[in-house]
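First the structure, in the form of structure tokens, and then the observations on it.
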There are 2 protein chains.
Amino acid sequence: MNTLSYGLLSILTRSSKSGYELMQHIQPIWKAKHSQIYPLLAQLEQNGFVQHVHVHQTDKPDKKVYSITSSGQEALRTWIHQPTGEPVHRDELLLKIYCIGMVDAEKAKQVVEEREAYYRKMAEFCEERMKITAEESVIPLQELTLGDPLFGPYVLLEKALLDLRANIEWCEWVKSRL
Amino acid sequence: MNTLSYGLLSILTRSSKSGYELMQHIQPIWKAKHSQIYPLLAQLEQNGFVQHVHVHQTDKPDKKVYSITSSGQEALRTWIHQPTGEPVHRDELLLKIYCIGMVDAEKAKQVVEEREAYYRKMAEFCEERMKITAEESVIPLQELTLGDPLFGPYVLLEKALLDLRANIEWCEWVKSRL
DNA sequence: AAGCACATGTAACGCGTTACATGATTTT
DNA sequence: AAAATCATGTAACGCGTTACATGTGCTT
């Protein structure tokens with residue numbers, strides 16, 4: 001059981017999903033390709049943490065819809081109670097910045113601006129998601145509490161936005177010093 | 001030539017270092033163990049991007065001190081001019097938050113507090129590093145410019161601190177909603 | 001004498017990405 | 001007819017971590 005396996009179980013607590021849907025839902029939180037997810041689902045089923053039913057579709061190809069079992073829910077709760085691994089950040093930009101003096105100010109600015117554009121694009125995406133989440137919710141997001149199924153997604157979006165805004169600020173600050 | 005290889009070259013632009021020192025210097029920017037670094041250095045030397053001299057030490061074991069070659073500097077400049085890869089974030093906490101409703105508020109608070117402690121510890125470390133950098137610099141950090149060797153490390157520390165403060169803020173905000 | 005920091009390497013393993021493979025159904 | 005989306009899988013490869021392996025010199 002690796003972290004991604006627990007991640008898949010986490011997503012399944014919300015609602016049953018196919019491997020394909022699971023892949024799409026986990027993307028914003030944990031990058032994973034279908035080639036990694038399908039074998040893990042088979043493994044989770046072998047361990048009795050999930051089970052699937054074949055669902056026939058007329059408009060689209062058939063799919064396997066996975067649900068979390070009570071055994072899977074128990075495994076999840078145990079996992080949450082264990083110490084959380086430290087976050088992993090790997091960013092090529094940081095290495096470039098370390099020796100940014102090798103190039104002229106013009107090029108340095110371009111490098112930072114490329115990243116700033118990425119951050120702004122991501123922030124726009126998160127704000128869009130936040131709007132959609134607000135529309136899905138029957139009560140205002142600010143009033144959501146721990147038990148509400150939208151509480152997790154809401155605080156995750158808020159975290160992403162705080163991160164992105166801090167980084168956009170940094171990009172502008174760096175450019176002002178070049 | 002992978003990203004870490006360019007990272008090693010980046011660190012060597014500042015001053016020549018042994019594999020062991022290189023490992024220590026790159027740690028805060030890009031996690032890498034010595035088992036990964038030593039083979040890469042041998043490979044970089046084969047490609048003519050670095051060269052080493054055997055340095056005898058009396059107080060400590062001997063070491064191989066690597067320097068970047070002009071060919072290596074050229075490779076670095078080419079790399080900087082290429083599009084920068086998107087940052088990679090992998091954080092077990094985000095997956096736990098997604099299904100945090102499975103546990104009670106007390107436990108949820110503990111999970112967030114464990115991470116908050118980590119962020120605060122890291123922030124303290126960065127502030128310490130910033131102080132040391134300020135003492136190393138002959139001019140105030142705010143006046144550093146692109147050409148200055150301490151400019152890169154300075155703006156990197158500033159980025160790390162902005163990130164950490166945003167995350168600490170988020171932790172406090174989440175706790176207030178539990 | 002034991003433990004720790006310095007110093008350099010190799011080997012095995014796990015995870016994540018890319019590529020290979022196949023096929024249904026809808027849209028253009 | 002071609003391209004795009006949905007859907008599921010396997011195989012090969014690269015990178016990063018853990019473990020194995022060895023040795024010097026200082027400190028306690």
Side-chain angles (χ1 to χ4, degrees), chain A residues 1-9 11 16-47 50-66 79 85-92 94-95, chain B residues 1-9 11-12 16-47 50-66 85-92 94-95:
Chain A
M1 287 290 290
N2 57 26
T3 307
L4 179 54
S5 298
Y6 287 112
L8 295 172
L9 291 180
I11 308 289
S16 298
K17 289 179 186 66
S18 68
Y20 191 84
E21 291 165 330
L22 225 27
M23 174 191 66
Q24 292 174 320
H25 276 80
I26 208 167
Q27 283 294 356
I29 313 178
W30 191 283
K31 302 296 168 208
K33 318 284 170 166
H34 71 275
S35 56
Q36 200 180 1
I37 290 172
Y38 290 128
L40 282 184
L41 279 171
Q43 194 193 285
L44 283 169
E45 188 153 42
Q46 265 204 323
N47 293 335
V50 300
Q51 52 185 44
H52 86 269
V53 285
H54 183 91
V55 171
H56 177 69
Q57 296 185 121
T58 52
D59 56 334
K60 286 182 262 182
D62 295 0
K63 61 181 176 180
K64 292 183 180 179
V65 172
Y66 289 86
W79 167 65
E86 294 182 357
V88 174
H89 297 290
R90 218 165 270 132
D91 190 349
E92 197 177 356
L94 302 191
L95 296 170
Chain B
M1 286 293 288
N2 58 25
T3 307
L4 179 54
S5 298
Y6 287 113
L8 294 172
L9 291 179
I11 309 289
L12 287 178
S16 298
K17 288 179 186 67
S18 67
Y20 191 84
E21 292 166 330
L22 224 28
M23 176 191 64
Q24 293 174 321
H25 276 80
I26 209 168
Q27 283 293 358
I29 313 177
W30 190 283
K31 303 297 168 206
K33 320 282 171 170
H34 70 274
S35 56
Q36 201 180 0
I37 291 171
Y38 290 127
L40 281 182
L41 279 171
Q43 194 193 285
L44 283 169
E45 188 154 41
Q46 265 204 325
N47 293 336
V50 300
Q51 53 186 43
H52 85 270
V53 286
H54 183 92
V55 171
H56 178 69
Q57 296 184 122
T58 52
D59 56 334
K60 285 181 264 181
D62 295 0
K63 61 181 176 179
K64 292 182 179 180
V65 171
Y66 288 86
E86 294 183 356
V88 174
H89 297 289
R90 219 164 270 133
D91 190 350
E92 197 177 356
L94 303 192
L95 296 171

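Just so it is clear, the structure is predicted and the values come from calculations on it, not from any experiment. All values below were derived from every heavy atom in this structure, side-chain atoms included, with hydrogens, water molecules and symmetry-related copies excluded. Numbered from 1 within each chain, the chains take letters A, B, ... in sequence-line order.
Between the C1' atom of C:dT10 and the CD atom of B:Q43 lies a distance of 15 Å, rounded to the nearest Å. Regarding B:H34, its NE2 atom lies at a distance of 13 Å from the P atom of C:dA11, rounded to whole Å. Residue B:Q36 contributes atom CD, which lies 20 Å from atom P of C:dA7 at whole-angstrom precision. Between A:L40 atom CG and D:dT8 atom C1' there is a gap of 14 Å when expressed in whole angstrom units. When the C1' atom of C:dT18 is taken as reference, atom CG of B:N2 falls 16 Å away, rounded to whole Å. Rounded to an integer number of Å, the gap from CD of A:E21 to C1' of D:dT8 is 13 Å. The CE-C1' distance, from A:M23 to D:dT5, rounds to 11 Å in whole Å. Atom NZ in B:K17 sits about 17 Å away from atom C1' in C:dA7, given to the nearest Å.
Residues from residues 57-64 of chain A with heavy atoms under 4.0 angstrom of DNA chain C, sorted by number: A:T58, A:D59, A:K60, A:P61.
The residue among A:H56 and A:T3 whose nearest nucleotide of DNA chain C is located toward the 5' end is A:T3.
Taking 3.5 Å as the limit, the base of C:dT18 and the side chain of A:S35 contain a donor-acceptor pair of atoms between them.
Using modelled atom types, one side-chain atom of B:Q27 and one backbone atom of B:A32 make a donor-acceptor pair closer than 3.5 Å.
Counting heavy atoms from C-beta on, the side chains of B:L94 and A:W30 never come closer than 4.5 Å.
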Next item on the list: Would you sort out whether B:I26 and A:L95 count as a side chain to side chain contact (heavy atoms under 4.5 Å, CB included), showing the intermediate values?
Entry: CA-CA 9 Å; B:I26 209 168; A:L95 296 170; 4.3 Å; yes
Next item on the list: Take A:E92 and B:Y6 through the side chain to side chain contact (heavy atoms under 4.5 Å, CB included) test and state the conclusion after the steps.
Entry: CA-CA 9 Å; A:E92 197 177 356; B:Y6 287 113; 5.6 Å; no
Margin query: Run the side chain to side chain contact (heavy atoms under 4.5 Å, CB included) test on A:V88 and B:V88 for me, step by step, so that the C-alpha distance in whole Å, both residues' side-chain angles and the decisive distance to 0.1 Å come before the verdict.
Written below: CA-CA 8 Å; A:V88 174; B:V88 174; 5.9 Å; no
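For the side-chain hydrogen bond (donor to acceptor under 3.5 Å, both in side chains) test with B:K63, the passing option among B:H56, B:E21, B:H54, B:H52 is B:E21; the others fail.
OP1 or OP2 of D:dT18 sits under 4.0 Å from a side-chain N or O of B:K33. When the side-chain nitrogen and oxygen atoms of A:Y20 are compared with OP1 and OP2 of D:dC6, one or more of them lie within a distance under 4.0 Å. Put simply, B:Q24 has a side-chain N or O that comes within less than 4.0 Å of OP1 or OP2 on C:dC6.
When the shell of 6.0 Å around CD of A:Q51 is examined, it contains 12 or fewer heavy atoms from other residues, nucleotides or ligands.
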